[in-house]
Protein chains: 2
Amino acid sequence: MKLKELAEQLGLSQTTVSRALNGYPEVNSATRERVSQAALKFGYSANANARRLAIGRIGAIGILMPNDRSERFGPHTSEFFSGLAERLSQDEMDLLMSPVINNDEISAYRRLISSKRVDAIIVTGPTLMDERVAMLTEAKFPFVLHGRTNIEAPHAWLDIDNAGAFRQAASHLLDLGHRHIAMIDGLKGHTFSEHRELGYREALLERGVPIDPRFIVHERFSDETGFREAQRLLSYAPHPTAILAGSMMTALGVFRAIRSKGYQLGKEVSIIAHDDVFPYLNASNMVPSMTTTRSSIRSAGTRIAEMLVRILDGEPVENLHEVWPVELILRQSSGPPVIPG
Amino acid sequence: MKLKELAEQLGLSQTTVSRALNGYPEVNSATRERVSQAALKFGYSANANARRLAIGRIGAIGILMPNDRSERFGPHTSEFFSGLAERLSQDEMDLLMSPVINNDEISAYRRLISSKRVDAIIVTGPTLMDERVAMLTEAKFPFVLHGRTNIEAPHAWLDIDNAGAFRQAASHLLDLGHRHIAMIDGLKGHTFSEHRELGYREALLERGVPIDPRFIVHERFSDETGFREAQRLLSYAPHPTAILAGSMMTALGVFRAIRSKGYQLGKEVSIIAHDDVFPYLNASNMVPSMTTTRSSIRSAGTRIAEMLVRILDGEPVENLHEVWPVELILRQSSGPPVIPG
DNA sequence: GCATAATTTCAAAGCGCTTTGGAATATTTG
DNA sequence: CAAATATTCCAAAGCGCTTTGAAATTATGC
């Protein structure tokens with residue numbers, strides 16, 4: 001069914017029907033109601049392409065998918081996407097996923113822009129001086145950044161308080177009496193990783209606890225690296241009595257390493273992991289349940305979509321940045337250090 | 001830059017330029033070359049919406065994202081999406097991700113169809129008598145199924161040989177001398193899960209090895225369930241000397257359980273997992289490396305996108321179904337059973 | 001009952017592209 | 001060189017919707 005037909009059915013003009021559906025003020029509310037009822041009844045919905053052609057908006061948000069073995073496209077991504085789509089679908093906006101060719105992100109972004117297939121772009125996993133952010137800002141193409149950079153030029157972003165999360169976690173461990181705390185986090189260079197290290201350092205510094213550089217590890221998020229690095233950490237003497245893990249994936253590996261050394265979790269060695277809230281990896285169901293710094297990456301996706309919509313509605317990007325606090329959830333994997341024997 | 005401007009630049013008519021770009025035969029190859037060079041140079045690319053409006057194709061493929069805590073949206077999904085996008089982008093096709101509201105998939109599909117926002121749909125994770133497949137077949141809306149059903153009506157699908165994979169894996173373990181083999185796979189009802197159980201049963205039956213129903217477990221794919229179920233399995237007497245795991249997530253939990261019982265992997269207890277090939281979970285890098293049945297879910301995505309394109313080009317769905325063989329890759333986590341002590 | 005305001009209609013342009021049918025021009029062929 | 005073939009152009013319709021400006025109709029206020 002097309003607009004013309006719907007209008008005929010209702011005995012109204014196309015103009016009025018179109019106006020009713022698009023929320024124009026000059027249409028009688030009774031008429032508007034009648035129109036939307038009819039639209040529902042006949043299953044009418046405007047042809048997306050025609051509509052977009054007419055209003056000059058593409059109606060899609062772009063996001064790149066690195067197709068190398070990068071750490072950027074992991075389980076986090078699907079949760080994040082899920083949140084995005086939840087909000088975007090309200091405005092009939094598509095989420096366009098475009099792959100990166102030859103690992104050349106910058107030109108992938110340029111292509112995305114010039115092909116006029118998206119109204120705006122979402123950038124994730126920034127470094128402190130991210131070149132993609134610099135490029136998009138300069139090109140004046142609308143985008144929202146998931147994360148933060150040190151780049152001054154105004155742009156929209158949403159980040160969680162990574163420094164605060166790790167500061168909290170480390171402080172808590174210090175309160176419990178730990179003096180040898182290690183962290184295994186994401187790759188160096190990424191903002192979130194740097195911020196977490198900052199938070200960790202602050203907490204230790206505050207108590208005058210010396211920082212052992214061997215105890216600060218930056219690695220990809222995976223079970224395997226978590227295992228390997230934790231094994232290494234636990235082989236030192238003295239070994240850390242607590243480990244901060246940057247992701248649940250890493251934490252799984254750390255769990256395994258602690259167990260394989262014969263230590264009890266939450267006793268000889270404690271662990272606190274950052275939890276992005278995956279439906280299939282529940283921290284509280286684990287044995288023992290895992291203490292986490294918790295922040296839903298999915299909710300972040302929803303919020304970022306909201307910001308995107310606002311930008312396209314003309315809201316200046318200067319107003320659009322927020323930092324979300326992260327809560328520390330105490331469970332069994334963290335406890336006062338126990339000296340074995 | 002728009003078509004009109006490009007044509008002016010070239011001193012050609014819009015018609016010719018459009019024809020050149022769209023591969024019409026009546027245009028001189030030298031001209032065609034000149035046009036594409038110019039298009040490249042000026043960064044011209046047709047306005048997607050106008051083009052789609054003109055040719056009457058939406059230019060997007062739909063896929064639903066259950067937004068409950070279902071097992072359907074896990075790490076597999078992102079890999080699969082990645083493969084899809086890789087192929088779809090060649091044809092400038094978007095991948096439209098739409099969330100399911102109120103857990104009502106059927107009406108989400110209906111909405112997707114009636115909103116005319118997609119040309120075709122991808123359905124994943126089917127059950128043997130999947131109602132979505134039945135509905136879409138009946139509605140005659142183009143779709144490709146990732147997996148298989150027992151539904152007779154012709155439709156396009158691609159599946160891997162799940163029965164063969166588990167048959168192979170179980171046979172291999174039997175060859176090594178195992179007589180107590182357990183499997184922890186996905187939820188009951190899903191085709192892939194049923195097929196795997198079938199393959200497992202066939203292998204045991206063939207050797208006359210009795211099947212212990214306690215050794216067949218159907219659960220969600222997650223580290224946690226893998227751990228819990230493996231612990232249970234290993235508490236039986238006699239306990240299984242080998243475990244088949246339906247996913248790498250599950251396998252991780254099983255690993256942990258085996259270790260926590262003090263057994264050596266590949267000695268007292270062997271494990272073979274199905275590997276969908278995640279960039280961040282490498283079976284061969286694990287310690288010990290993991291024997292797997294391997295089939296890239298990403299490649300499946302690429303191939304399914306290819307099938308989709310064909311359907312839209314008019315190829316009858318009757319021709320479009322394939323079963324991919326699965327290779328068994330022997331590594332260290334599987335070996336002849338060792339009697340402890 | 002008449003001026004004023006609120007709705008609705010009409011007719012048409014425009015979004016940028018594809019496609020068509022016939023005409024015009026260029027290139028080849030025998 | 002005429003005839004046949006290959007290219008390109010021209011003009012216009014059409015895809016389905018939004019938007020505009022002016023006119024027509026209906027409702028409301030005093």
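Letters go in sequence order (proteins before strands), and every chain restarts at 1. For the numbers below, each heavy atom of this structure counts, side chains included, while hydrogens, waters and symmetry mates do not.
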Once base and sugar-phosphate atoms are separated, protein heavy atoms under 4.0 Å mark nucleotides 24-29 of chain C, 5' to 3', with B, S and - as ------
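- Rounded to an integer number of Å, the gap from CZ of A:Arg19 to C1' of D:dT20 is 8 Å.
- Listed candidates were D:dT8, D:dC17, C:dT18. Nearest to the side chain of B:Leu3 is C:dT18.
- The nearest whole Å value for the distance from the CD atom in B:Gln14 to the P atom in D:dA12 is 13 Å.
- For the pair B:Arg57 CZ and D:dG16 P, the interatomic distance rounds to 16 Å; values are reported in whole Å.
- Distance from the side chain of B:Leu53 is smallest for D:dC15 among the nucleotides D:dC15, D:dT7, D:dC9.
- With no hydrogens or angles considered, a side-chain donor-acceptor pair links B:Glu33 and B:Gln37 at under 3.5 Å.
- One distance of note links OG1 of B:Thr302 with CD of B:Glu86; it measures 4.5 Å at 0.5 Å rounding.
- Set against D:dC17, C:dT8, D:dC10, the side chain of B:Ser13 has D:dC10 as its closest nucleotide.
- Side chains of A:Arg51 and A:Asn22: a donor on one and an acceptor on the other come within 3.5 Å.
- Considering only the side chain of B:Ile55, C:dT19 comes nearest among C:dT20, D:dC17, C:dT19.
- Rounding to whole angstrom units, CG of residue A:Asn47 and P of C:dC15 are separated by 18 Å.
- Across the interface with DNA chain D, nearest-nucleotide mapping of B:Glu26 and B:Ala50 shows B:Glu26 to be the residue nearer the 5′ end.
- Candidate nucleotides D:dT7, D:dC17, D:dC9 were compared by shortest atom distance to the side chain of A:Lys2, and D:dC17 ranks first.
- Contact check, B:Ser18 against C:dT18: a side-chain N or O comes under 4.0 Å of OP1 or OP2.
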Can you give me every donor-acceptor pair (side chain of residues 149-157 of chain B, partner residue at least two apart or in another chain, under 3.5 Å) with its distance?
from, atom 1, to, atom 2, distance (Å)
B:Thr149, OG1, B:Ile151, N, 3.0
B:His155, ND1, B:Ala153, O, 2.7

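- For the pair B:Leu21 CG and C:dG16 P, the computed distance is 17 Å after rounding to whole Å.
- Computed from coordinates, the B:Asn28 CG to D:dT5 P distance equals 18 Å when rounded to whole Å.
- Closest contact between the side chain of B:Ala54 and the listed nucleotides D:dG14, D:dG16, C:dT9 involves D:dG14.
- Across D:dT19, C:dT19, C:dT8, the shortest atom-to-atom separation from the side chain of A:Tyr24 is found for D:dT19.
- A sub-4.0 Å separation between OP1 or OP2 of D:dT18 and a side-chain N or O of A:Asn22 is present.
- At least one side-chain heavy atom of B:Trp324 sits less than 4.5 Å from a side-chain heavy atom of B:Arg303.
- Contact annotation: B:Thr15 side-chain N/O to D:dT8 OP1/OP2 distance is not under 4.0 Å.
- A salt bridge links B:Arg57 to B:Asp313: at least one charged side-chain nitrogen sits closer than 4.0 Å to a carboxylate oxygen.
- At a cut-off of 3.5 Å, with distance as the only test, no side-chain donor of A:Arg52 or B:Asn47 sits close to an acceptor on the other residue.
- Rounded to an integer number of Å, the gap from A:Asn49 CG to D:dT18 P is 13 Å.
- The 5' end of DNA chain D is approached more closely, in terms of each residue's nearest nucleotide, by B:Gly11 than by the other of A:Tyr44 and B:Gly11.
- Residue-level contact check: B:Arg52 touches neither bases nor backbone, having no heavy atom under 4.0 Å from any strand.
- Taking atom CZ of residue B:Arg34 and atom C1' of nucleotide D:dT7, one finds them 13 Å apart after rounding to whole Å.
- The pair B:Glu8-B:Lys4 does not count as a salt bridge, with every side-chain nitrogen at least 4.0 angstrom from each carboxylate oxygen.
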